[in-house]
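Lettering follows sequence order; numbering is per chain, from 1.
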There are 2 protein chains.
Amino acid sequence: MLSFEIRERDVLGRIGILETKRGKLETPALFPVVNPLAQEIPPRTMFEELGSKAVITNAYLIKRRPEGTNAIDIHDFLDFPGIVATDSGAYQILQYGGVDVTPLEIVQYQESINTDIGVILDVPTGSRASKARALETVEETIRRADQAQAVITRRDIAWVGPIQGGLFPDLVAHSAREMSKRQFPIYALGSPTEVMEQYLFSCLVDMIFAAKTNLPSSVPFHLFGAGHPFMFALAVALGCDLFDSAAYILCARRGRYLTDAGTLELARMRHFPCNCRACAATSPDVVRSRPVADRIRFLAEHNLLSCLREIEVVKEAIVEGRLWELVEVRCRSHPDLLAGLRRTGEYPIQLAGASPTTKTKGIFFFDSTSLQRPEYLTYIERLIRDYIPPKAARTLLLLPAGPQRAQETHCTSASRWRFGADTHVCVYTPPYGLVPLELKDTFPLSHSTTVVEPGAEMLRAMSETVRKYVARHKAYRGLILVISGRRWQTRFATMCESICKKARIRLSIRSESDVRNTRAKTRKDNSLPSVSSRRQRIRKS
Amino acid sequence: MLSFEIRERDVLGRIGILETKRGKLETPALFPVVNPLAQEIPPRTMFEELGSKAVITNAYLIKRRPEGTNAIDIHDFLDFPGIVATDSGAYQILQYGGVDVTPLEIVQYQESINTDIGVILDVPTGSRASKARALETVEETIRRADQAQAVITRRDIAWVGPIQGGLFPDLVAHSAREMSKRQFPIYALGSPTEVMEQYLFSCLVDMIFAAKTNLPSSVPFHLFGAGHPFMFALAVALGCDLFDSAAYILCARRGRYLTDAGTLELARMRHFPCNCRACAATSPDVVRSRPVADRIRFLAEHNLLSCLREIEVVKEAIVEGRLWELVEVRCRSHPDLLAGLRRTGEYPIQLAGASPTTKTKGIFFFDSTSLQRPEYLTYIERLIRDYIPPKAARTLLLLPAGPQRAQETHCTSASRWRFGADTHVCVYTPPYGLVPLELKDTFPLSHSTTVVEPGAEMLRAMSETVRKYVARHKAYRGLILVISGRRWQTRFATMCESICKKARIRLSIRSESDVRNTRAKTRKDNSLPSVSSRRQRIRKS
């Protein structure tokens, strides 16, 4: 009955269908944390009116009630018709140092209340643990996983295997490798909450990669305690499928208003930048004039709707093939988030090839951050590793193709010229330093739209491609670089100069108009003079 | 009665209160275009349910009806209780080449129907006009403005003076200078619709600066035909206060769904990334199954709510002092929008000093685009132009301050050191190349959060600041650059090397640990050895 089917992919993110005993859940999905004992928003309202198809609550707190031993069904208990996940009290271990329940008791209790998704009682590492302590938590969690597996009787519950290790990627990797042997239907990265609260998004990226790289990608991956809408896009792009968070209510109690770009304070707001049903009906002034409980309820509803909306935004971005674009946008909500996105540049192998190999919509390149996108990495990797130039190619002709819109003109005229068999016609266009002419109409080349003036980092990446290419294909004796007068092309030419010098191949830099005129004169010869003289030189040699 | 009061400012944008004879309108504001003859969304619904406080309709089309001569009040005619603006038929000139109404007739007609905001019958330049033709449209519009001023009897109507000139900034500037002499209560940039449709946002930026620079900033500025939510933030940041657009309905008819990040096609959508009342109640599948008219009505409502929400987002960003941050985010919706934002870098004088000189919230620096922000430009300008170093300063000591969070540690320890009177202690921290220690706790230095690893362009900007500073203050004989081992600091050091070489001052690069150790040893001397030797050399000379 339990299953996870991946329907769409973009970057390392996916849209999936998680089938539980209570029904299907489309992922990525957020489980709002519901306090089992007191709720600002009734769970039924969440389901029927706000669109929450799943919630998470705390089995440990329910068990601890005086009447905790009475038999209940968690769905009835919460009055929630959807999917209910339960946590085991691990969060309480992190907060209060311990819990008065055994790992076995809490597994059995979760079975008895008929939870849909259960968590074994792991030992969270937290973000302040020493490496020795972190290793202890990893080993203890693995031991408990084995104990839990032994007592689990209900296999219709989706049991979550928590990955610990905290800020130590090697321990996270070890934890993931060990847990993956235990074959849980869901894996979860333990307690990154503190990491996120401290905006250590670069560390979070390392933790997620360490875990995901060592887990089967076909299993859903839960990021414990992640609930701010501004980081869902990044987390999903790295392969996180499930989130749970109490941020919507905790922030509400502190007067905080969540948006996809950060957190605002109700006390200072003058406009609601939101169309949700809570905001559409009122204004900050009016809300501030209400009793505290109403204010909290208002903020909780807005915050939850804001989180749920962002999940839809992320899903639709995956459908559109624009998840990377969304991540670039969201990661400009805070410099530390952008630092996190940049950190993904350390994982080119994981990212390359992750995305679909073709897309219907264009892909956008803004600056060097865009160079970390899978489509670009995949292209460069394949160009350098797999592409085989024409056998006779001795002269590499690099024509400017400009940004997408200008590309057509240049390329058409380029392909109309006929060159000698020793000339290999390629084009260059930000962010691509070298595109064999025959590939220019394929994905992603034909689908790329780039800011007209590439920055220094993009230019360096372009020249680096040329460098790697000529280093790999040693048959070229000369490079003819045609430039059309843009400033960045002149800088690109300077970079090519030093590449050719090092590779000991002759460089000829020609202006486009120059080439066109020469073309007209030497039509009979069907080649550019420099190419032809080049050829003669090669023949002689 | 007519007035415009500016309440808040950020970048070149503002929140204002425009007082019309029908009441107050908070700006920035969007006037949805209402077809006077047939409406998908009843104007009363727009006012009462969707939050549109003002609409614009076409006086020319109303006048052209067979019954056009009957006396009407435009508010009753549309059944709209809010502020009604009327256009004069200029759009029809652009679309169909002419209108069968005289400039005087249409002014009188707008008066007769009791419009709140009227437009004289200008001649739109469009985006395809030659320069000669563009000049003609400018001159003819000015002539018509004079004629209109002569026949206007109702000064309780806010008359709009259109600025023409199309893609020629010098003509736009000329038009603005001439129109500003005519003292209209509102100015408008004529027909940038085509420019926006072609995504020529760099041209749009030039046009807006050309107009705004030559108009009184105390008067509201309307951008005709701008209605896509993804460009409101940029337009407002450049000083646009009013927008009008039919995009919400035109896109609806073509099955297009507007978001703050671009346009989606209903036909392909799977999730609604939106919390508006239209989207919250349904799903793409359901909407697609409905009759065409219902689909259009749905999209029109969503599109309009999406536009209105974005106006609120922009206003709240101004309140928060985070408009530049919002612009950076929105301009990553498309490379051409980012090109538009980058173009604002050509207008440092207009941008510097535009923003409030202090803010309660931090400001974010992501990359070189952030270096165009007013706070940075203002700081650099003042540092180079106005700052006076201590008289005895001969050695410039540059200590690393790291990003904001790390700043405190470094700076505190730096200020605890006591240096000789000839040593001028400054710190450097991305994006600031040089900050005199006494300024480090002032705005914007203390409020800046920057991505930890600055890119090549940011490093260049930092070194450029050092270059300009030492070029201006020639008393320095030496520069001691302290680095703490980060890679970017090494690159910064290389840049400083070439600066010092050219400026003929001695450079000493020291590692931070080195300096700290030396410090401990030479505590009595109260100065760094290299500084002291420097001092001796200077004394001797």
Inset, instruction - Classify the side-chain pair A:Glu312/B:His271 by whether it contains a donor and acceptor separated by less than 3.5 Å. - result: no

Name the region of [X], side chain, backbone, both or neither, that has any atom closer than 4.5 Å to a heavy atom of chain A.
X: B:Ser333; answer: backbone
X: B:Ser306; answer: backbone
X: B:Ala456; answer: both
X: B:Glu49; answer: neither
X: B:Val319; answer: side chain
X: B:Cys331; answer: backbone

Inset, instruction - Let me know if A:Ile15 has heavy atoms under 4.5 Å from chain B in its side chain, its backbone, both or neither. - result: side chain

Inset, instruction - Quick one: list whatever passes salt bridge (charged side-chain N to carboxylate O under 4.0 Å, His left out) with A:Arg330, sequence neighbours left out. - result: A:Asp260, A:Glu310

With a 4.5 Å heavy-atom cut-off, do [X] and [Y] have their side chains touching?
X: A:Glu316; Y: B:Arg270; value: yes
X: B:Asn275; Y: A:Arg277; value: no
X: B:Phe365; Y: A:Pro335; value: no

